2 protein chains.
Amino acid sequence: MKVLVADDHAIVRKGLKQILLDEYPFGEIEECANAEELLQKANNGKWDVIISDISMPGRSGLEALHQIRLSHPRLPVLILSMHPEEQYAIRALKAGASGYCSKDLAHEELVNAVRRVLTGKKYITPTLAESLATQLEEEKQPEPYKRLSDREFDVFKLLSAGKSVSEIADNLSLSTTTISTYRARILVKMNFKTNADLIRYALENKLI
Amino acid sequence: MKVLVADDHAIVRKGLKQILLDEYPFGEIEECANAEELLQKANNGKWDVIISDISMPGRSGLEALHQIRLSHPRLPVLILSMHPEEQYAIRALKAGASGYCSKDLAHEELVNAVRRVLTGKKYITPTLAESLATQLEEEKQPEPYKRLSDREFDVFKLLSAGKSVSEIADNLSLSTTTISTYRARILVKMNFKTNADLIRYALENKLI
DNA sequence: TTGTTTTGTAGTATAAAGTCTACAATTACG
DNA sequence: CGTAATTGTAGACTTTATACTACAAAACAA
């Protein structure tokens, strides 16, 4: 049982490792603290499963997932997230994640998730499964909001956390006008007029 | 060595526990998953230190901290947070926390923090310490939530409803710079940094 | 496979917001 | 009652944000 664990929080890594070791006493669990490390280690080991946080500094977990999908198409990747939120889950699953579970999962449930993805099945954290199902159903109906691209979503998150355009530009190493462009596209797609709408939306949907 | 650990994420609790057990093999580490449990357990045990997440469902970690301060004035409480944010840290320390550390702390550093608060000293996560120090030094920040004047409150309401400075100026028939001045005063008085903070506050307190 | 839309990125010019400063009117405080 | 702090208001100047435009690369559709 060889597991690669990626999360920027040392405490979370330690917790995961412990939970996994409790279940698989002879398992080999290795940690990475960021996406680069994750990619590197993913390539030079034959893991049974990868468990990765969705949001990490630098290149995000999603991007890493993308890469891994290219080089190891069948390697199960379980995405962990702080946010039991559809937005994130859908994105993760679209990027080829085998499962999505929130960090407030009881550890039995985590073990469960790992077991499922090992057998090639998908796992979705219970609190989400239901609302996700309805949402996918609704997707057939005329949808008021167009889906944001990944980059747009990055910007969306930062904006709704109250970051300014220039802070975001800094953070993502892009020009401020680029961020403005993203912002404008986000507003159009989501039918908002101001950042305040955006923040309100994010708060009401517990995205932040 | 008796430690009470509170966090709504099972994984984080597990990680903390493990880190502490590595350091104090004969320690007695107990977990709570929410603020109620924390308060209850805090009262019926004689702990050496409490480590608690700042944001948990139900009553927040801060509120719990407040309670604990009343009944156990000398018991060290170390606040953990996902956000290495001044806003949170200041609030935590004002509420009587012995320390504030972000969850991305390396575990040696966490152990360090625990050691410090055990000896009655304060601990602040390194990434924050500096900016916090300068901020406190500047003494620019008056007490939070100072009363707003009537005019300021008018502006506050409009801002938190997402109106722009120029809209407000229009609305109140004042110059835009006047509104900017009010806004600046509001931010200082309420210890906010951005409009986003303001909107968040308004939403959380059901002011809009 | 080719044409079309979407996405990622940015420049230029303009509009808006923010900072710093100021000052009279009002209010609170010793 | 007199002095210090707060409030209402705004100008000048600096920094940021936004609209409009553009274009290559990628994704998608026919």
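As the structure is a prediction and not an experimental result, all values here were calculated from the model. The analysis underlying the following values was restricted to heavy atoms, covering all of them including side chains, and did not include hydrogens, waters or symmetry mates.
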To the nearest Å, give me how far apart CG (Asp170(B)) and C1' (dA16(C)) are.
13 Å
Backbone N or O of Ser164(A) within a donor-acceptor pair of the Glu167(A) side chain at under 3.5 Å?
yes
Pair Glu23(A), Arg115(A) - check salt bridge (charged side-chain N to carboxylate O under 4.0 Å, His left out), show working.
CA-CA 11 Å; Glu23(A) 187 65 21; Arg115(A) 274 219 203 83; 2.7 Å; yes
Closest nucleotide among dA17(D), dA10(D), dT9(C) to the Leu174(A) side chain
dT9(C)
Which sits closer to the 5' end of DNA chain D, Glu167(A) or Arg185(A), going by the nucleotide each is nearest to?
Glu167(A)
It should be established whether Ser164(B) places a side-chain nitrogen or oxygen under 4.0 Å from OP1 or OP2 of nucleotide dA17(C).
yes
Whole angstroms only, please: what is the CG-C1' distance between Leu148(A) and dT5(C)?
17 Å
Does Asp8(A) come within less than 4.0 Å of Arg13(A), counting only side-chain N to carboxylate O?
no
Starting the side chain at C-beta, find the nucleotide from dA10(C), dG11(D), dT9(C) nearest to Ser175(B).
dG11(D)
Any side-chain donor near an acceptor of the partner, Asn112(A) and Glu108(A), under 3.5 Å:
no
Side-chain N,O (Lys189(A)) to OP1/OP2 (dT7(C)) below 4.0 Å:
yes
Has Thr181(A) got a side-chain N or O lying under 4.0 Å from the OP1 or OP2 atom of dT18(D)?
no
Does the side chain of Arg183(A) get closer than 4.0 angstrom to OP1 or OP2 of dA17(D) through an N or O atom?
no
Between Ile179(B) (CD1) and dG8(D) (C1'), how many Å, whole number?
10 Å
To the nearest Å, how far apart are Ile168(A) CD1 and dA10(C) C1'?
16 Å
For Thr178(A) and dA10(C), is the shortest distance between a side-chain N/O and OP1 or OP2 below 4.0 Å?
yes
Just how far, in rounded Å, is C1' of dG8(C) from CG of Leu172(A)?
12 Å
Between dT5(C) atom C1' and Glu152(A) atom CD, what is the distance in whole Å?
13 Å
OP1, OP2 of dA10(C) versus side-chain N and O of Thr177(A): anything below 4.0 Å?
no
N or O in side chain of Tyr182(A) less than 4.0 angstrom from dT9(C) OP1/OP2:
yes
Is the closest basic N to carboxylate O distance between Glu152(B) and Arg183(B) below 4.0 Å?
no
Phe156(B) CZ - dT7(D) P separation (whole Å)
16 Å
Measure CG/Leu159(B) against P/dA16(C) and give the value in whole Å, please.
16 Å
